[in-house]
Structures are given as structure tokens and as C-alpha cells.
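Because the structure is a prediction, the values reported are computed rather than measured. Count residues from 1 along the sequence.
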Amino acid sequence: MSTDNAKKNADYLKQGGILAIASLIVRFIGMIYRIPMSNILGETGNGIYAVAFEIYDVILVISSYSLPLALSKIISAQQTKKQHKNTGRTLRTALLFAIVSGGFFCLFLFFGAGMIEKYIYPEYTGVQIPLRVLAPTIFIVALLGVFRGFFQGKKTMVPTAVSQIFEQIVNAVVSVAASYLFMKWNTESLQQAAWGAAGGTLGTCLGAASALLLVLFVYWIYRPVQKKLEKRDRSTETATSKQLFILLLLTILPIVLSQTVYNISGLIDYKIFGWLSADAGLDSGSISSLVGVYSSKYRLLCSVPIAISTAVASSMIPSAVAAFTESDVEQWKYNVSSGVKFNMIIAIPCAVGFMMLGQPIVQMLFSSSGLVAGQPIYVLGGRMLTAGSVAIVFYALSNVTGGALQSIDKMHLPVIHSAISLALHVLLLIALLKYTPIGIYALIIGNITFPVVVFILNFIAIKKYVPSYHQNLIKTFAAPIAASLWMAVAIALTYQGLAFILASNTIKTLISVIIAVFIYFSVFLLLHGLTREELFDFPMGRRLYILACKLHLMNGGE
């Protein structure tokens with residue numbers, strides 16, 4: 001690979017690393033605040049909160065969620081061609097689109113919340129209350145997405161990363177406080193749990209509003225630079241607002257369809273589970289409680305490593321688009337293979353760690369008492385995590401391969417693949433719920449099979465359109481798996497060994513996690529999973545390399 005390509009890849013990995021670290025911080029904050037909020041709401045409130053968020057997510061995807069990705073793709077291509085006037089016009093066109101689309105769906109959700117509960121989700125009583133609180137967030141996030149996409153297209157992830165962290169901090173503080181206060185103020189209400197869930201969604205709204213103010217401030221500072229670039233632009237390829245609107249729409253539509261299929265799977269899951277469980281004799285409270293454990297324990301914890309893959313996939317697209325635009329196939333392949341490898345380094349040990357420590361982690365993080373489906377809540381949540389954590393690996397793979405296809409203008413393929421997977425997923429879920437006694441574990445199985453099918457179809461398509469693409473299987477998969485197996489042994493020996501001298505589950509779990517992280521990365525580096533150059537490309541790579549050398553995990557010649 002040439003020096004220029006190596007520099008491009010280093011920049012891509014560092015930008016991806018910035019967004020990945022920010023996403024990890026955001027998910028970590030999200031997990032931390034969801035612990036007290038989950039305990040405040042109880043499992044019924046958690047179930048209502050989960051269903052409300054799934055509905056909100058789908059409407060958000062349809063209205064504006066795809067704007068950052070689509071806009072970054074368009075602006076990245078324009079930046080490569082130095083079409084700065086078109087960049088400015090694209091931003092203004094996207095803002096108009098966000099105002100119209102975000103405003104319409106905001107009103108739709110606010111005034112349609114009652115109908116959604118009455119006719120679609122009657123099993124989740126009170127879900128209309130948090131939905132109405134979430135409605136303004138649709139409009140706010142639409143505007144926020146435009147500015148995030150603008151800066152990502154400029155190949156800087158810093159405004160997005162900083163605003164995400166700031167947004168989540170505000171979200172965390174408000175969500176916990178509002179959940180507690182709303183529950184306290186509605187102690188006599190039959191819909192107390194729904195009001196508590198509404199308090200949690202208020203944090204989402206105010207968090208997004210604070211992030212919007214921050215990116216507006218950043219754009220206000222950057223605006224003179226953009227104006228100078230537009231004045232110096234001598235390119236003859238200028239697009240009209242109508243042309244840019246059509247381009248934006250054509251870019252957004254496949255992403256919207258793809259993301260809608262991804263997100264709607266959760267809504268369909270909850271509807272099918274509620275419907276068939278009610279037919280089997282379960283009451284509304286039991287249904288909401290089971291969904292509450294599934295969403296606030298299993299899905300919440302799995303979402304932390306999955307967020308990293310989403311961030312890497314998003315940050316990969318502008319660089320991959322630029323490489324594709326310049327017909328630089330080698331650079332494109334390097335970006336994609338690096339994205340897959342980076343994801344597996346994180347996803348595989350996280351999945352194995354959750355398999356080994358599922359129940360202790362849930363018991364450590366959540367103090368929810370009582371029984372759900374005849375089991376202590378931490379036992380049920382832990383078993384879900386142990387059974388379904390492998391989904392982390394396949395969501396990571398499906399996210400990155402989907403981003404790769406989008407970068408080569410095959411945006412319709414992830415849509416088709418997701419639709420095929422969703423159809424199979426629905427049939428499997430209905431069959432499992434109707435003809436087996438596994439209950440809520442049917443959602444776990446479906447959560448694994450969905451990304452598996454998407455990844456397989458995405459990978460087949462990549463090999464079809466880029467036959468020369470090759471992934472180093474040893475370093476990408478074998479090395480992380482081998483290091484994770486050693487890590488699993490270390491976890492088992494540590495946790496069980498500490499049981500003889502310690503009674504505290506929290507201390508045993510924390511010590512086991514610390515030792516697991518050290519063992520994993522030590523073995524991974526000893527297996528030559530990363531070269532010195534590859535490690536340098538990661539955030540704080542040089543410091544990590546110096547530390548690895550001091551520990552004799554790498555030597556100066558690697």
C-alpha cells in the first residue's frame with residue numbers, strides 16, 4: 001500500500017476511533033443512568049419505555065435518522081471534487097427537508113399516540129404518555145442530524161462525538177430525575193409506570209435539544225470558513241436546489257428502507273410476543289415485565305459493543321465513498337477490511353465475556369427485586385445475556401458490511417437483505433412462540449438469527465461486486481477467538497476461585513472483568529493480532545505500543 005493510502009487509512013481509523021470511543025462513552029453513560037432508572041420504573045415501566053422507544057425509533061428512522069449518513073455520503077463526494085458551492089447548497093436543502101419531515105412526523109406522533117396504543121399496542125397500557133413526550137424529539141433530531149452529517153462529510157467526527165457525549169450527559173441527569181419525580185407525582189394513578197417511562201423519555205428530548213445548540217454553535221464558528229470555500233470555488237458543476245433535493249431523497253430512501261427494516265423488527269417482536277402471549281393467558285403486566293427484562297437487561301448491555309460497530313460503519317463510509325469515487329479499489333478494500341477487523345477485536349471478547357459473566361453482571365448492575373416468570377429478575381436477565389450475547393458479533397458484521405455496500409452505491413442491497421431476514425425472522429418467531437414453551441427466549445433467538453442472515457447476504461454481495469476483496473481470517477477472527485477462549489478460562493478460574501474467599505458478587509465480578517481484559521489483549525498481541533503500524537493507527541496507538549513493549553507483548557521490530 002502506498003504512503004498516501006496508509007495515511008488515508010490512518011486518518012479513517014482515527015476518525016472512526018474518535019466516533020467509536022464517543023459511542024462507547026455514550027453507551028456507558030446510557031447504561032449507567034439506565035440502571036437507577038430501571039430500578040425506579042420497575043419491569044412494567046421498563047416494558048412500556050421499551051415499546052415507546054421502539055415506536056419512536058421507527059418514526060425517527062422514517063423522518064430523519066438517515067440524514068447524517070446520507071448527507072455525509074453526498075458531501076464527502078462533493079468535497080473530493082472540491083465542489084464547495086454544492087456543499088453549501090446541499091446543507092441548506094437538507095435543512096429544509098429536516099424542517100418539513102421532522103415537523104410533520106413530530107405532529108403525527110403527538111396526535112396519533114392514542115390511536116397507536118388503542119389499535120396497535122393495547123397490551124402495553126399507557127404507552128401513549130411517553131410517546132407524546134418523545135414527539136418533539138423527532139423535530140429536534142432532524143435538525144441535529146443535518147449538522148452532524150455535514151461535519152462527517154467534511155471528514156471530522158469531533159462535532160458529532162462531542163455533541164453525542166454532551167447529549168447523553170443531559171439525557172442521563174434529566175431521565176433519572178424526571179422518572180423519579182413523575183413516579184412520585186403519580187403514585188395514585190393506575191398509569192404510574194407509564195408516567196415514569198415518560199420521565200425517562202423527557203431526558204431524551206432535552207438531551208437532543210442541548211446537542212443541537214452545541215452543533216449550531218460549532219457551525220456558527222465554522223460558517224466563515226465555508227463561505228470562503230464557496231467564494232473560491234471555480235467548479236462548473238453546480239447543482240440546483242431541485243437537483244440536490246432529488247439527490248438527497250434518492251440517497252436517503254434506500255437508507256431509510258434499510259434502517260426501517262432493522263428497527264421495525266423490534267416493534268414486530270414486541271407485537272407478536274404480546275399478541276401470542278396474551279392468547280396463551282398472560283396478563284398485560286406480565287407481558288410488559290418480560291419485555292422490560294429483555295429490553296433493560298439483555299438489549300441494553302448488548303447495545304454497548306454494538307454501538308462501536310455502528311460508529312465504525314458510519315465513520316468508514318465517507319472515506320470508502322472517497323476511495324470509490326477516485327476508483328481507488330485498494331484503499332476501499334483496506335478501509336472495509338480494517339473496519340471488520342476493528343469490530344471483531346471488540347465484539348468477540350464482549351460476546352464471550354457476557355456468556356461467562358451474564359448473571360453476575362446483571363446482579364451487579366441492577367438491584368431490581370421480585371420475580372418475573374417465576375425467576376428472580378437478575379437470574380432471568382443473566383440467562384438471556386448468556387444465551388444471546390453472540391448476536392453482538394453478527395450485528396457488528398452486518399453493520400460494517402452494510403456500510404461497505406452503501407459506499408459503492410449498492411444501497412438497495414442492504415434493504416433487500418434486511419427485508420429477507422425480517423421475513424424469515426417473523427416466521428421463526430411465530431413458530432417458536434406458538435409451538436415451543438421457550439417464551440421470551442424466542443426473542444433472543446430471533447435477535448441472533450436476524451443479523452446472521454443479513455451478514456451472509458451482505459458478504460455474498462460484496463464478493464460479487466468486488467471479487468478481489470479479501471479478509472484476513474486468521475487475524476480478523478481466529479486471533480480474537482483464541483484470545484477470548486483464554487480469557488474465558490481466566491474468568492472461570494478467577495470468579496470461582498474468589499468465591500472461596502469473597503461473598504460480594506460485585507467485587508468478584510469487577511476483579512474478573514479486569515483480569516479478563518488484561519488476559520485478552522495480552523494473548524491477542526502475543527498471537528500477533530496487530531502489527532505495530534496497525535496499532536499506531538488506533539487512538540492512543542503509540543502509547544499502547546510502548547506499554548505493550550514494556551510488558552514484552554510486542555517488540556520493537558514488530
Requested in this report: Ignoring hydrogens and angles, tell me if any N or O in the side chain of Lys271 forms a donor-acceptor pair with the backbone of Ile120 under 3.5 Å.
Outcome: yes

Query - Phe459 vs Tyr469, side chain to side chain contact (heavy atoms under 4.5 Å, CB included): CA-CA, chis, key distance, verdict - result: CA-CA 10 Å; Phe459 186 76; Tyr469 169 74; 3.9 Å; yes

Report summary line: Nearest heavy-atom contact between Leu131 and Ala113 is CB-CB, 3.9 Å

Query - Sequence-distant partners of Thr476, side-chain contact (heavy atoms from CB on, under 4.5 Å), two or more places apart - result: Val340, Lys341, Met344, Gln471, Asn472

**Report entry** Gly149 backbone acceptor or donor facing Ser72 side chain under 3.5 Å
**Finding:** no

Query - Atom CZ of Arg92 with >12 non-hydrogen neighbours under 6.0 angstrom - result: yes

Query raised in the report: Sub-3.5 Å donor-acceptor pair from the side chain of Tyr270 to the main-chain atoms of Tyr121, do we have one?
Result: no

Query raised in the report: At what distance, to the nearest 0.5 angstrom, does CG of Leu67 lie from OG of Ser101?
Result: 7.5 Å

Query - Nearest-0.5 Å distance that lies between atom CD1 in Ile55 and atom CG in Leu109 - result: 8.0 Å

**Report entry** Sub-4.5 Å side-chain heavy-atom contact between Ser389 and Tyr298
**Finding:** no

Query raised in the report: Does any non-hydrogen side-chain atom of Leu424 lie less than 4.5 Å from one of Leu428?
Result: no

Query raised in the report: How far apart are the closest heavy atoms of Thr449 and Ser421, and which atoms are they?
Result: O-OG, 4.2 Å

Query raised in the report: How about Phe53 and Tyr49: are their ring centres within less than 6.0 Å of each other?
Result: yes

Query raised in the report: How about Asn399 and Ile306: do any of their side-chain heavy atoms sit closer than 4.5 Å?
Result: yes

Query - Minimum-distance pair of heavy atoms, taken over all atoms of Pro159 and Val218 - result: CG-CG1, 4.2 Å

Report task. Check the pair Val426, Leu422 against side chain to side chain contact (heavy atoms under 4.5 Å, CB included), reporting the backbone distance first and the verdict last. Result -> CA-CA 6 Å; Val426 169; Leu422 181 61; 4.2 Å; yes

Query raised in the report: Heavy-atom distance under 4.5 Å between the side chains of Gln168 and Ile25, does that happen here?
Result: no

Report task. State, with a plain yes or no, whether a side-chain heavy atom of Lys154 is found less than 4.5 Å away from one of Gln226. Result -> yes

Query raised in the report: Do the non-hydrogen side-chain atoms of Ile345 and Phe521 ever get within less than 4.5 Å of each other?
Result: yes

Query raised in the report: Going through the distances and angles, do Arg34 and Ser296 end up as a side chain to side chain contact (heavy atoms under 4.5 Å, CB included)?
Result: CA-CA 8 Å; Arg34 282 290 299 274; Ser296 67; 3.6 Å; yes

Requested in this report: Can you measure from CD1 (Ile165) to CD1 (Ile29) and round to the nearest 0.5 angstrom?
Outcome: 6.5 Å

Report summary line: With sequence neighbours left out, the residues meeting side-chain contact (heavy atoms from CB on, under 4.5 Å) with Thr137 are Tyr56, Leu134, Val141, Thr204, Cys205, Ala208

Query raised in the report: Do Tyr294 and Asp269 get their side chains close enough for a donor-acceptor pair, meaning under 3.5 Å?
Result: no

Query raised in the report: What do you reckon, is NZ of Lys463 surrounded by more than 12 foreign heavy atoms closer than 6.0 Å?
Result: yes

Query - Rounded distance (nearest 0.5 Å) linking atom CD1 of Ile272 with atom CG of Leu267 - result: 11.0 Å

Query raised in the report: Is it true that a side-chain atom of Thr401 and a backbone atom of Ser398 form a donor plus acceptor pair closer than 3.5 Å?
Result: yes

**Report entry** ring-ring contact (aromatic ring centres under 6.0 Å, His included) partners for His417, two or more places apart
**Finding:** none

Query raised in the report: For Ala50 and Val291, which heavy atoms make the closest approach, and how far apart are they?
Result: CB-CG1, 4.4 Å

Query raised in the report: Which value, rounded to the nearest 0.5 Å, describes the distance between Cys302 atom SG and Ile444 atom CD1?
Result: 7.5 Å

Query - Separation between SG of Cys106 and CG of Leu60, rounded to the nearest 0.5 Å - result: 11.5 Å

**Report entry** Heavy-atom check, side chain of Asn458 versus side chain of Leu405, under 4.5 Å
**Finding:** yes

Query - side chain to side chain contact (heavy atoms under 4.5 Å, CB included) between Gln331 and Asn335, worked out - result: CA-CA 6 Å; Gln331 178 63 31; Asn335 281 351; 3.0 Å; yes

Query raised in the report: Does a side-chain N-to-carboxylate-O contact under 4.0 Å join Glu330 and Lys333?
Result: yes

**Report entry** Phe108 CZ: over 12 foreign heavy atoms closer than 6.0 Å
**Finding:** no

Query raised in the report: According to the interplanar angle, ranging from 0 to 90°, do the rings of Tyr219 and Phe147 count as parallel (below 30°), tilted (30 to 60°) or perpendicular (above 60°)?
Result: tilted

Query - Expected output: side-chain Ser175 to main-chain Gly200 donor-acceptor under 3.5 Å - result: yes

Query raised in the report: What's the shortest heavy-atom distance between Ala211 and Arg148, and which atoms?
Result: CB-NH2, 3.9 Å

Query raised in the report: Hey, are the side chains of Ser303 and Leu301 touching, using non-hydrogen atoms and a 4.5 Å cut-off?
Result: no

Query - Closest non-hydrogen atom pair, Pro414 against Gly402 - result: CG-O, 3.9 Å

Query raised in the report: What orientation do His425 and Phe450 show, parallel under 30°, tilted 30 to 60°, or perpendicular over 60°?
Result: perpendicular

